[in-house]
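Below is one structure, written out as structure tokens; the observations come after it.
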Amino acid sequence: HVQLVESGGGSVQAGGSLRLSCAASGDTSSYNYMAWFHQVPGKEREGVAVARTTGDDTYYADSVKGRVTISRDNTKNTVYLQMNSLKPEDTALYYCAAGWVTVMTYSRALDSRSYEYWGQGTQVTVS
């Protein structure tokens, strides 16, 4: 089993930045991709950014390209989401996810069904 704990959320003004962290524990060999999703009330969870745990394979939603960077520190089993130039429409609950995907594609990367493990979420509010 894998436990994911997010941190770093908060309130920020438009144009500001936040860095989210997701620390994984447990059987970290059971997944090869980690991802960030966000969700607003009444809407489905949407993929934001994805990274393979080894190598340079990354995927980004079109809505965040150029403003968001996903990175990882494998020594800490942690993945980060650096968000810059934040907009009010970025306001959401941000979830960390992990899963094993043998053949990753862009659509699979941003599909919540690709991931087995989920954190509890951290709120980001942009005003």
Side-chain angles (χ1 to χ4, degrees):
H1 192 65
V2 174
Q3 295 81 41
L4 301 173
V5 179
E6 304 98 335
S7 62
S11 296
V12 64
Q13 291 188 339
S17 299
L18 279 176
R19 188 176 83 152
L20 307 183
S21 300
C22 172
S25 60
D27 186 6
T28 56
S29 67
S30 63
Y31 58 88
N32 62 345
Y33 282 90
M34 295 188 77
W36 287 96
F37 284 73
H38 65 196
Q39 187 171 24
V40 297
K43 292 190 175 182
E44 291 187 357
R45 202 167 290 188
E46 297 181 338
V48 177
V50 180
R52 189 178 175 120
T53 56
T54 58
D56 298 325
D57 202 16
T58 57
Y59 303 84
Y60 293 92
D62 288 341
S63 60
V64 302
K65 282 180 181 176
R67 300 190 297 119
V68 165
T69 302
I70 188 169
S71 61
R72 66 181 196 272
D73 184 341
N74 289 344
T75 65
K76 298 179 180 179
N77 292 323
T78 298
V79 66
Y80 304 96
L81 187 70
Q82 177 68 44
M83 300 189 293
N84 301 320
S85 302
L86 282 162
K87 305 175 182 180
E89 50 264 43
D90 295 318
T91 295
L93 189 59
Y94 282 72
Y95 294 94
C96 177
W100 187 278
V101 182
T102 302
V103 179
M104 185 61 93
T105 63
Y106 182 79
S107 59
R108 285 178 185 169
L110 300 180
D111 187 337
S112 61
R113 293 171 296 181
S114 298
Y115 303 92
E116 180 178 359
Y117 307 108
W118 292 86
Q120 294 300 306
T122 185
Q123 178 68 36
V124 171
T125 302
V126 184
S127 60

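The structure displayed is predicted, hence computed values, not measured ones. Note: hydrogens, waters and symmetry copies are ignored here, and every other heavy atom, side chains too, is used.
- With a 4.5 Å cut-off on side-chain heavy atoms, Trp36 and Ile70 count as touching.
- Hydrophobic clustering keeps Tyr80 apart from Val124 (ILVMFWY residues linked when any side-chain heavy atoms are closer than 4.5 Å, directly or through intermediates).
- Here the closest non-hydrogen pair linking Leu4 and Ala98 is CD1-N, 3.8 Å.
- Using the six-membered ring where Trp is involved, Phe37 and Tyr115 have ring planes that are perpendicular, over 60° apart on the 30 and 60° scheme.
- If you take OH on Tyr94 and CZ on Arg45, they are separated by 13.0 Å, rounding to the nearest 0.5 Å.
- The two residues Met34 and Cys22 come nearest to each other via the heavy atoms CE-SG, 4.0 Å.
- Between the side chain of Asp90 and the backbone N or O of Val126 there is no donor-acceptor pair closer than 3.5 Å.
- The existence of a salt bridge linking Asp62 and Lys65 is confirmed by a sub-4.0 Å separation between a basic side-chain nitrogen and an acidic carboxylate oxygen.
- Between the Ser114 side chain and the Arg108 main chain, a donor and an acceptor come within less than 3.5 Å of each other.
- Residues Leu110 and Met83 do not share a hydrophobic cluster, defined by chaining ILVMFWY side chains whose heavy atoms lie under 4.5 Å apart.
- A heavy-atom distance below 4.5 Å is not found between the side chains of Leu20 and Gln82.
- Of the possible donor and acceptor atoms, none in the side chain of Glu6 sits under 3.5 Å from a partner among the backbone N and O of Ser21.
- Heavy atoms of other residues, nucleotides or ligands lying less than 6.0 angstrom from CD of Glu89 number more than 12.
- The shortest side-chain heavy-atom distance between Ser30 and Trp100 does not fall under the 4.5 Å cut-off.
- Taking each heavy atom of Thr58 and Ala51 in turn, the nearest pair found is CG2-CB, 4.1 Å.
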| field | Residues Met104, Tyr59; criterion side-chain contact (heavy atoms from CB on, under 4.5 Å); working and verdict | value | CA-CA 10 Å; Met104 185 61 93; Tyr59 303 84; 3.5 Å; yes

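- Thr78 contributes no side-chain N or O that, together with a main-chain N or O of Ala23, makes up a donor-acceptor pair within less than 3.5 Å.
- Using a 4.5 Å heavy-atom cutoff, the side chains of Glu46 and Val40 are not in contact.
- When hydrophobic clusters are built by joining Ile, Leu, Val, Met, Phe, Trp and Tyr residues whose side-chain heavy atoms come closer than 4.5 Å, directly or via intermediates, Leu18 is grouped together with Val64.
- Using a 30° and 60° split on the angle between ring planes, Tyr95 and Trp118 fall in the perpendicular class, above 60°.
- Side-chain contact check for Gln13 versus Leu86: every heavy-atom pair is 4.5 Å or farther apart.
- Under the 4.5 Å side-chain criterion, counting only non-hydrogen atoms from C-beta, Val79 is in contact with Cys96.
- The cluster map of Ile, Leu, Val, Met, Phe, Trp and Tyr, joined by side-chain heavy atoms under 4.5 Å apart, puts Tyr31 and Val48 in the same cluster.
- Between the OG1 atom in Thr125 and the CG atom in Leu93 there is a gap of 9.5 Å [rounded to 0.5 Å].
- Looking only at side-chain heavy atoms (C-beta outward), Tyr33 and Thr53 stay at 4.5 Å or farther from each other.
- Residues Arg67 and Ser85 share a closest heavy-atom pair of NH1-O, 3.1 Å.
- The two residues Gly55 and Arg72 come nearest to each other via the heavy atoms O-NH1, 3.0 Å.
- Nearest heavy atoms, Thr69 versus Tyr60: CA-OH, 3.4 Å.
- Connection of Val12 to Val68 is established within a shared hydrophobic cluster, with ILVMFWY side chains joined at heavy-atom distances below 4.5 Å, either directly or through further cluster members.
- Within the 4.5 Å cutoff, the side chain of Gln123 has heavy atoms near those of the Thr91 side chain.
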| said: Is there a side-chain contact (heavy atoms from CB on, under 4.5 Å) between Gln3 and Tyr117? Walk through the geometry before answering. | reply: CA-CA 7 Å; Gln3 295 81 41; Tyr117 307 108; over 6 Å; no

